[in-house]
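Quick notes on the structure that follows.
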There are 2 protein chains.
Amino acid sequence: MLPHCACRVYDGGVEQKVVRKILRVPMSSRRDITVEQHETDALSGSHTLTAVEALSSAVRKRILSGEFRPGEFLRDAKMCEEHSTSRHTFRAAAQALVNEGLLRQIPNRGFVLPDFGPDDIVDITRMRGAIEGEAVRMIVFTGLIPQQALDAVKVMRSSKLSSDKSTLVAADRDFHRSIIDASGSVRLRRMYATLESEIELLLVQRQDFYSEPGEMAEEHERLINSLRNRHYEKARAAFQEHWTDLQTKLLQHTP
Amino acid sequence: MLPHCACRVYDGGVEQKVVRKILRVPMSSRRDITVEQHETDALSGSHTLTAVEALSSAVRKRILSGEFRPGEFLRDAKMCEEHSTSRHTFRAAAQALVNEGLLRQIPNRGFVLPDFGPDDIVDITRMRGAIEGEAVRMIVFTGLIPQQALDAVKVMRSSKLSSDKSTLVAADRDFHRSIIDASGSVRLRRMYATLESEIELLLVQRQDFYSEPGEMAEEHERLINSLRNRHYEKARAAFQEHWTDLQTKLLQHTP
DNA sequence: ACTTTTATAATTGTTGTACAATTCCGTTGC
DNA sequence: GCAACGGAATTGTACAACAATTATAAAAGT
């Protein structure tokens, strides 16, 4: 094991007095500021990374890269060594991923990669309908189409068939995430985040198939148009079809 | 600090060989059985309690009893002493409660009771509409009204005004929880669980007001009837009114 | 040969302790 | 009054140890 300080993850830890200077804020009121600040960015996450947060991000990446097979256990001895952290930190990080749906915890057996069955695919799609459907309702109500969604479609449209698949994956993710963000609901966003993770893991486990760029762009343009028309039932139906399409594809790819 | 063994929470830990005998299962296939079993009851929670689970339950109770004020910090030194556990265990338990919405974690400041503002009340209500609305859709579709919901209404109906308030609170909770359960979606249930916690905490923080039993029974009977008619839009509207009523009451009680 | 028992090893869950980093809080100085 | 300083309190992390459970493999029984 490395010496004490080499393991530390803290890097940009700003000292208190410096912060005080930067913010130009009197001593007395500083406490309230930090509280408020942290309460707001509890989800936007702009504070200096905790070791647990850094680790859970790292493990999340490994999981979503498809490094582990469904049903595989994440042995904490191995994990701790690979990320050079303590077991407690790993367990905290893993627990966070459990709440995200990327891991399951089995008492006395450890953390294991979920093995999604057809039921899960249906369940996730249904859940997505409830969550994203609410966001769609809000957008239809306000009439404000998020710029990021339009940008994502542009990316799809300008992508060649030969272009990197990850670009398309990211565009699709950005599109739907912007729909959720537009709802302005922190809880909607939080809940969708877990769904998004699960869906991404599903795609990875199921060989990450994706439609051809042109088709994909067309499909999402249709969704945008359904939002523009500001008719909730129709918009909802359009999105529903989109979700169900994915569900069908996923179910067909079931081993 | 108490001696080692006095702190242990393990109590009903069944020995492996005994289990094997009870289940009458050959050695070779046992592994698969436990895995499946745990995968299914990951949410129903029928395994022997972990120290972390026991602790988080205990702390959840304390929080929902209104013992702590909004904005109050749960100092881990105090908590560990009061529950005679290690700091690691407390932190794991607290993190679980963070994911449930009953606590917030502020880096380097600890775990704090959330202080819900009007925005949160609106957000929670909206979220509830999305989640419970989906369950309502499913019930309308299948036409199966959960027995527990009917039982809960009976309890409300037979309650006197003088009866214990907690009975009514429980009945209301059971009613809505059974609606969710009837959807048969594990994810819907998991997400509703956090909402339920937040709502319960809100009610506690806002003095736990509740309607008069008769009125409450009537209101829920109306909901049941809307489900019986099997018209989604109307049922959804009925439930929406119910949720909005609560929202209004909560907003009025804002300090 | 197949299952059951037994013993042993590997892994998880929990605790205690130590320490670095950060935040809190009272004091001093201006 | 407000800013800067310094010690005390608190959190975050690491390391080590051990109890409890599970996994694995060898021995025994049928």
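Values reported hereafter were calculated over all heavy atoms of this structure, with side chains retained and with hydrogens, waters and symmetry mates removed. Note on naming: letters A, B, ... go to the chains in the order of the sequence lines (proteins, then strands), and numbering restarts at 1 for each one.
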- Query: Which residues satisfy the side-chain contact (heavy atoms from CB on, under 4.5 Å) test with A:Asp119, sequence neighbours excluded?
  - Reply: none
- Item | Side-chain N,O (A:Thr85) to OP1/OP2 (D:dT13) below 4.0 Å | no
- Query: Ignoring hydrogens and geometry, is there a side-chain-to-backbone donor-acceptor pair from A:Ser183 to A:Ile179 under 3.5 Å?
  - Reply: no
Give every pair of a protein N or O atom and an N or O atom of nucleotides 8-11 of chain D that lie under 3.5 Å apart, one pair per line with the distance.
residue	atom	partner	partner atom	Å
D:dT10	O3'	B:Arg75	NH1	3.3
D:dT11	OP1	B:Arg75	NH1	3.4
D:dT11	OP2	B:Asp76	OD1	2.8

- Sequence neighbours excluded, the answer for side-chain contact (heavy atoms from CB on, under 4.5 Å) partners of B:Ala93 is B:Val52, B:Leu55, B:Ser56
- Polar side-chain contact A:His88-C:dT14 base: donor and acceptor under 3.5 Å: no
- Message: Applying side-chain hydrogen bond (donor to acceptor under 3.5 Å, both in side chains), can you list everything that pairs with B:Arg60, at least two apart in sequence or on another chain?
- Response: B:Glu100
- Item | Interatomic distance where CG belongs to A:Leu55 and C1' belongs to D:dA14 [whole Å] | 13 Å
- Can you sort out the partners of B:Glu196 under side-chain hydrogen bond (donor to acceptor under 3.5 Å, both in side chains), two or more places apart, ordered by chain and number? B:Arg177
- Task: To the nearest Å, give me how far apart CD (A:Glu81) and P (C:dT11) are.
- Result: 12 Å
- Under the side-chain hydrogen bond (donor to acceptor under 3.5 Å, both in side chains) rule, collect the residues that match up with A:Arg62, sequence neighbours excluded. A:Glu67, A:Glu82, A:His83
